[in-house]
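Working notes for the structure below.
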Amino acid sequence: MDKRVRVRFAPSPTGGLHLGGMRTVLYNYLFAKKHGGDFVLRIEDTDQSRYVPGAEEYIYNCLKWAGLEPNESPVNGGQFGPYRQSDRKDLYRKYAEQLVKDGYAYYAFDTPEELEKMRHDFKTEHNPSPQYDSSVRMKMRNSVSLSADQTEGLLNENVKHVIRVKMPEHETITFSDMIRGKVSFDTSVVDDKVLLKADGMPTYHLAVVVDDHLMKISHAFRGEEWLSSAPVHILLWKYLFGLNEMPQWAHLPLILGPNGKLSKRDGAKYGFPVFAMNWTDPKTNELTEGFKEKGFLPEAFINLLALLGWNDGTEQEIFTKEELIEKFSIERVHSGGAKFDYEKAKWFNHEWIKKSEVRSLEPEVRTLFNEKGITDIDSFILEKVISLVKDRCTFLTDFYDHSFFFFKAPEKWDVDAVKPKWNEAKQLFFAELIRNYELSNDWKATSLENSFKEIAAANQIKPGEVLLPLRIMLVGGKFGPGVFDIAEILGKEETISRIKKALTAF
RNA sequence: GGCCCGUUCGUCUAAGGGCUAGGACACCACCCUUUCACGGUGGUGAUACGAGUUCGAAUCUCGUACGGGCUACCA
């Protein structure tokens with residue numbers, strides 16, 4: 001009844017963590033937190049040949065950055081460890097043997113060559129990919145087709161073998177998916193999956209069932225690509241631990257790219273990140289850009305991810321993590337796949353930057369400036385700068401482009417924008433402006449603007465004609481926030497000095 | 001090929017038998033702004049197709065088409 005909610009996310013450490021994976025994490029996390037349960041991170045590295053060193057720390061760091069720390073993981077431990085399947089190798093054999101003993105599985109001695117031959121020989125126009133199932137089982141070398149003595153002999157000779165599940169011939173497996181409702185399969189269409197490989201490692205199918213049981217997982221959310229193998233897992237649960245103990249399943253729809261399933265390649269091709277954080281493949285040295293490094297706020301990242309396939313039924317689109325936890329419900333997750341729209345992703349980030357407190361943005365922006373070689377920035381100034389420019393920043397990294405000039409006087413000016421219309425009158429205007437500003441004792445944007453306009457009027461110049469030149473004097477080009485706001489933050493001395501310096505170049 | 005899942009503006013989606021199918025992103029126009037943005041107002045734009053059930057269907061049923069997933073000693 002009040003079964004503890006424990007949801008798990010179990011990626012394979014084969015490289016970066018893409019959007020689909022992160023969304024699975026998010027939904028797991030939200031569901032667990034909403035119900036006061038634990039979020040478990042397990043690493044599924046049962047295929048050691050595809051294992052990439054460093055991947056699991058990377059996965060953990062991605063979760064941490066997004067604010068989705070697991071309660072239990074290979075990195076921070078937990079009471080049901082180890083959380084890395086390769087560290088649990090010895091556990092699985094026992095269960096596989098148990099299945100053999102109970103008649104639900106069998107030893108198979110077929111070599112890779114023999115399997116290939118079978119797939120070739122049984123291939124027909126109507127069956128282009130023959131499976132190892134009840135129809136071919138008796139024609140292969142396994143403990144079902146062989147006599148007990150023969151099997152015994154092969155086992156004693158240590159002949160390489162696997163353990164395969166013996167799928168029933170015509171049984172309908174029905175289960176309830178939290179997103180899709182009732183889903184059913186006929187066991188005749190699923191093959192005799194390998195449970196324990198020749199090297200003694202379990203396959204995903206065995207490991208996921210055993211681990212979910214041992215770790216007392218109550219809910220398992222995973223990608224839609226697992227839906228077809230769900231009957232295998234359900235059967236294993238039935239044979240091993242009983243269906244009453246089985247977690248509740250939810251198969252999440254896929255996230256699609258511009259052309260079908262979202263891939264790493266799509267990111268490179270269309271210029272958007274697909275991984276949570278930068279990932280450099282140690283084998284190929286290939287770098288895949290992450291949302292973090294691109295300048296996304298973690299709050300925006302989880303917000304946009306959550307809304308890709310879920311909404312709360314209202315028109316609200318901006319959610320804090322706390323709101324997501326409160327309002328999330330797995331039943332409202334769509335069953336159809338969603339195409340990732342980078343433009344909308346950028347909008348989410350922009351909204352979050354606008355919404356963020358200046359102080360919370362400050363450390364990130366300071367780091368950004370430090371990386372660009374601008375250090376020792378006064379906090380008071382930095383906060384004023386951030387609040388002035390944040391409305392125009394889509395990415396965290398935009399803060400540099402939109403405000404570097406506050407800390408670096410221009411060396412060059414966009415003279416082409418000024419020169420053609422430059423004349424004696426303007427020269428005189430700026431000379432007077434300097435005199436006026438030097439005497440100013442109220443260095444505020446509004447009073448600076450007022451004096452500016454008064455002097456322009458006295459000289460019979462339209463303010464518009466000298467406003468752009470002033471902007472270019474202060475920042476070097478046709479960009480930035482309001483000119484007088486810039487001047488206010490720059491301060492009296494710096495502003496006057498920049499005008500004087502630029503005047504010599506015009 | 002077989003099995004499973006899916007299909008509402010270009011994209012993400014709302015509407016769970018009943019108003020002119022609503023919102024957001026993007027796009028376009030206008031306003032604001034003597035830089036660029038932000039912001040404001042408005043606009044273009046969708047129920048894949050065909051049957052059936054019903055007084056009434058985006059919604060329920062069936063078929064077709066299209067898309068996706070699986071079909072490994074990968075996860």
Side-chain angles (χ1 to χ4, degrees), chain A residues 10-14 44-50 85 108 110-112 115-116 119 123-133 160-164 177 179-180 183-186 188-191 193-205 207-208 222-231 251 253-254 256 258-261 304 307-318 334-348 350-351 354 389-394 398 401-402 414 417 462-468 470-472 475 477-483:
Chain A
S12 77
T14 54
E44 312 211 316
D45 59 342
T46 51
D47 182 3
Q48 289 285 301
S49 67
R50 301 207 321 165
Q85 284 178 341
D110 316 279
T111 63
L115 289 173
E116 205 175 310
R119 287 192 190 103
K123 192 169 179 172
T124 63
E125 201 178 316
H126 292 289
N127 187 10
S129 41
Q131 306 190 109
Y132 199 123
D133 58 21
K160 283 249 178 213
H161 65 276
V162 300
I163 293 179
R164 285 180 182 270
D177 182 281
I179 295 171
R180 287 154 215 282
V183 182
S184 44
F185 292 86
D186 191 308
S188 62
V189 302
V190 357
D191 60 340
K193 293 272 181 234
V194 168
L195 264 22
L196 200 72
K197 299 186 253 190
D199 64 0
M201 273 290 215
T203 58
Y204 172 85
H205 308 295
V208 77
R222 56 180 9 173
E224 193 184 341
E225 67 269 27
W226 289 110
L227 196 53
S228 326
S229 43
H251 291 90
L254 266 12
L256 308 171
N259 302 305
K261 194 178 170 186
L304 72 92
L307 272 282
L308 207 54
W310 171 86
N311 71 85
D312 73 342
T314 71
E315 280 171 6
Q316 183 176 353
E317 294 201 89
I318 301 296
H334 277 228
S335 42
K339 200 175 280 188
F340 175 62
D341 180 2
Y342 189 47
E343 293 304 321
K344 184 101 186 208
K346 290 198 286 194
W347 174 79
F348 273 110
H350 193 183
E351 290 300 307
K354 283 193 286 179
V389 304
K390 70 180 185 137
D391 282 0
R392 53 186 71 211
C393 294
T394 299
D398 288 343
D401 292 336
H402 287 304
D414 185 355
K462 283 185 207 146
E465 289 179 51
V466 274
L467 205 56
L468 186 65
L470 177 61
R471 167 179 297 283
I472 291 172
V475 307
K478 292 189 272 189
F479 49 79
V483 192

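Chain naming here is simple, since letters A, B, ... match the order of the sequence lines and numbering starts at 1 in each. All figures in this text were calculated on a predicted structure; none of them were measured in a lab.
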Tell me if a side-chain donor or acceptor on [X] pairs with a main-chain N or O of [Y] at a distance below 3.5 Å.
X      : Y      : value
A/R471 : A/G480 : yes
A/D110 : A/L115 : no
A/Q131 : A/V189 : yes

Take atom CD in A/Q316; do more than 12 heavy atoms of anything else shown fall under 6.0 Å from it? yes
Describe the nucleic acid contact of [X] in one word from base, sugar-phosphate, nothing, applying a heavy-atom distance below 4.0 Å.
X      : value
A/T124 : nothing
A/P463 : base
A/S184 : sugar-phosphate
A/F479 : base
A/K346 : nothing
A/R471 : base
A/H334 : sugar-phosphate
A/L115 : base
A/S12  : sugar-phosphate
A/H251 : nothing
A/K160 : nothing
A/A338 : sugar-phosphate
A/S129 : base
A/G223 : nothing

Exactly one of A/R222, A/E224, A/R180 clears side chain to side chain donor-acceptor pair (under 3.5 Å) with A/H251, and that residue is A/R222
Any heavy-atom pair between the side chains of A/S229 and A/H205 that's under 4.5 Å? yes
Identified pairing partner of [N], criterion: Watson-Crick or G-U wobble below 3.5 Å:
N      : result
B/rG42 : B/rC28
B/rC9  : none
B/rU33 : none
B/rA48 : B/rU64
B/rG1  : B/rU71
B/rU53 : none
B/rG17 : none

Taking the same atom, [atom1], in [N] and in [M], what whole-Å distance lies between them?
N      : M      : atom1 : result
B/rC5  : B/rG56 : C1'   : 31 Å
B/rU61 : B/rG16 : P     : 16 Å
B/rC28 : B/rC36 : P     : 16 Å
B/rU44 : B/rC9  : C1'   : 10 Å
B/rC32 : B/rG40 : C1'   : 8 Å
B/rA14 : B/rC49 : C1'   : 24 Å
B/rA58 : B/rA48 : C1'   : 12 Å
B/rG63 : B/rU53 : C1'   : 15 Å

Its glycosidic angle compared against 90° from 0, B/rC38 adopts the form syn
Footprint ends on RNA chain B, 5' to 3', for atoms under 4.0 angstrom from a heavy atom of chain A, come out as B/rG1 to B/rA75
Sorted by chain and residue number, the salt bridge (charged side-chain N to carboxylate O under 4.0 Å, His left out) partners of A/R50 (sequence neighbours excluded) come out as A/D47
The salt bridge (charged side-chain N to carboxylate O under 4.0 Å, His left out) partners of A/K354 (sequence neighbours excluded) come to A/E351
Notebook entry, point to check: Would you call A/E317 and A/K344 a salt bridge, taking side-chain N to carboxylate O under 4.0 Å as the test?
Noted result: yes
Residues A/P13 and A/D45: closest non-hydrogen pair is CG-CB, 3.6 Å
Closest to the 5' end of RNA chain B, once A/P128 and A/L256 are matched to their nearest nucleotides, is A/P128
Result for 5'-nearest mapping on RNA chain B, choosing between A/W310 and A/P202, is A/W310
